[in-house]
A.B. asks: 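What follows is a single structure, and I will ask about it in a moment.
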There are 2 protein chains.
Amino acid sequence: MVRAMTETGETELVRRWRDVLACYSTVSCALDRALQETHGIGMSEFEVLDRLVDASCDDLRMHDLAGAMYLSQSALSRTVARLERDGLVERCLCAEDRRAIFVKLTAAGRERHTRARSTQRAVLAEHLMAEPARA
Amino acid sequence: MVRAMTETGETELVRRWRDVLACYSTVSCALDRALQETHGIGMSEFEVLDRLVDASCDDLRMHDLAGAMYLSQSALSRTVARLERDGLVERCLCAEDRRAIFVKLTAAGRERHTRARSTQRAVLAEHLMAEPARA
DNA sequence: GGAAGTTACATGCATGTGCATCAGATGTCC
DNA sequence: GGACATCTGATGCACATGCATGTAACTTCC
């Protein structure tokens with residue numbers, strides 16, 4: 001699994017990590033700011049909407065949503081709470097398992113996502129194109 | 001600056017962003033946890049120590065430190081405050097410009113960094129090697 | 001020299017996050 | 001059927017962060 005580690009391999013690894021760190025910091029900051037200013041949602045909120053749109057069924061259980069995101073269960077719970085407060089998703093009970101909660105995109109949520117996605121792509125195009133492009 | 005944007009270019013960009021997000025989340029989480037458990041410092045604290053060691057002079061002004069890090073000025077101020085509380089750095093006044101603060105590595109700070117760095121490299125080796133490796 | 005503007009750092013405050021825990025529902029084993 | 005473990009999601013709490021602002025020191029311009 002882990003290949004042999006030369007001295008140059010170590011510094012190469014550190015360099016890669018710094019690249020990732022730089023890229024993430026720049027892009028996530030710009031993205032968060034743009035989404036917040038233009039659409040009143042943060043990156044985490046957008047990610048949730050995005051997952052819901054991607055899912056063919058439009059509604060997902062919290063648990064499945066959590067698995068698809070880089071967010072703790074508690075953070076997800078609060079993010080969905082914010083989305084619900086803003087009328088972008090609904091939380092529905094699940095008849096089969098009354099512990100589970102279905103998160104369902106509303107019409108407003110779908111519309112907000114559509115508009116936010118174009119902002120996201122613009123930001124990515126601006127900040128991810130200019131990357132060191134070590135690919 | 002921004003090149004023409006094809007449909008496939010857009011989804012490619014989103015894919016790249018998701019890769020960065022996944023990589024950052026996984027590694028930063030593992031790194032933060034490992035550093036905290038083993039050495040009692042977080043990622044930001046380690047980054048500050050790392051910058052100080054990298055700088056040949058061992059002490060940097062807050063302002064220069066801030067420029068080298070992905071952290072707001074206020075966050076840096078508090079990070080340095082934590083490092084000072086733990087005896088890993090000292091804050092020294094600057095005679096030439098009495099607004100400025102020099103941040104200086106202590107012996108304990110240098111030692112902590114040395115040990116923490118090996119943890120960092122182990123974590124990077126474990127989590128950054130196995131990456132999709134799209135390079 | 002003195003007023004106005006700028007710079008460097010600290011701090012009050014609001015917010016988002018993770019951890020630990022709680023409450024309710026389901027599953028398991030006897 | 002009933003006790004116990006497990007699972008799902010919400011919540012109290014501590015903490016790190018960013019923004020706006022405060023304080024002190026430097027700079028500029030008159």
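Keep in mind it's a predicted model, so treat the numbers as computed, not measured. In what follows, chains are A, B, ... by sequence order, proteins preceding strands, each numbered from 1.
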A.B. asks: Rounded to whole Å, how long is the line connecting atom OH of B/Y70 with atom P of D/dG18?
C.D. replies: 14 Å

A.B. asks: What distance separates B/I101 CD1 from B/R91 CZ, expressed to the nearest 0.5 Å?
C.D. replies: 7.0 Å

A.B. asks: Near DNA chain C, counting only heavy atoms under 4.0 Å, which residues of residues 72-80 of chain B show up?
C.D. replies: B/Q73, B/S74, B/S77, B/R78

A.B. asks: I'd like to know if the side chain of A/D97 reaches the main chain of A/R99, judged simply by a donor and an acceptor atom lying under 3.5 Å from each other, with no hydrogens or angles considered.
C.D. replies: yes

A.B. asks: If only side-chain N and O atoms of B/R82 are considered, is one of them under 4.0 Å from the OP1 or OP2 phosphate oxygen of D/dA16?
C.D. replies: yes

A.B. asks: Rounded to the Å, how far apart are A/L60 CG and D/dG9 P?
C.D. replies: 11 Å

A.B. asks: Going hydrophobic residue to hydrophobic residue with side-chain gaps under 4.5 angstrom, can you get from B/F102 over to B/L105?
C.D. replies: no

A.B. asks: What is the distance, rounded to the nearest whole Å, between atom NE2 of B/H63 and atom P of D/dC26?
C.D. replies: 16 Å

A.B. asks: Atom CG of A/L35 and atom P of C/dG16: how far apart are they, to the nearest Å?
C.D. replies: 14 Å

A.B. asks: To the closest 0.5 Å, what do you measure between OG1 (A/T38) and CZ (A/R115)?
C.D. replies: 10.0 Å

A.B. asks: If you pin A/E45 and B/A100 to their nearest nucleotides in DNA chain C, which one's is more 5'?
C.D. replies: B/A100

A.B. asks: Counting only side-chain N and O atoms of A/R33, is one of them less than 4.0 Å from OP1 or OP2 of D/dC19?
C.D. replies: yes

A.B. asks: For A/D97 and D/dT6, what is the distance between atoms CG and C1' respectively, to the nearest whole Å?
C.D. replies: 12 Å

A.B. asks: What's the CG-P distance between B/L93 and C/dA8, to the nearest Å?
C.D. replies: 16 Å

A.B. asks: Any donor-acceptor pair under 3.5 Å joining the side chain of B/R99 to the base of C/dC9?
C.D. replies: no

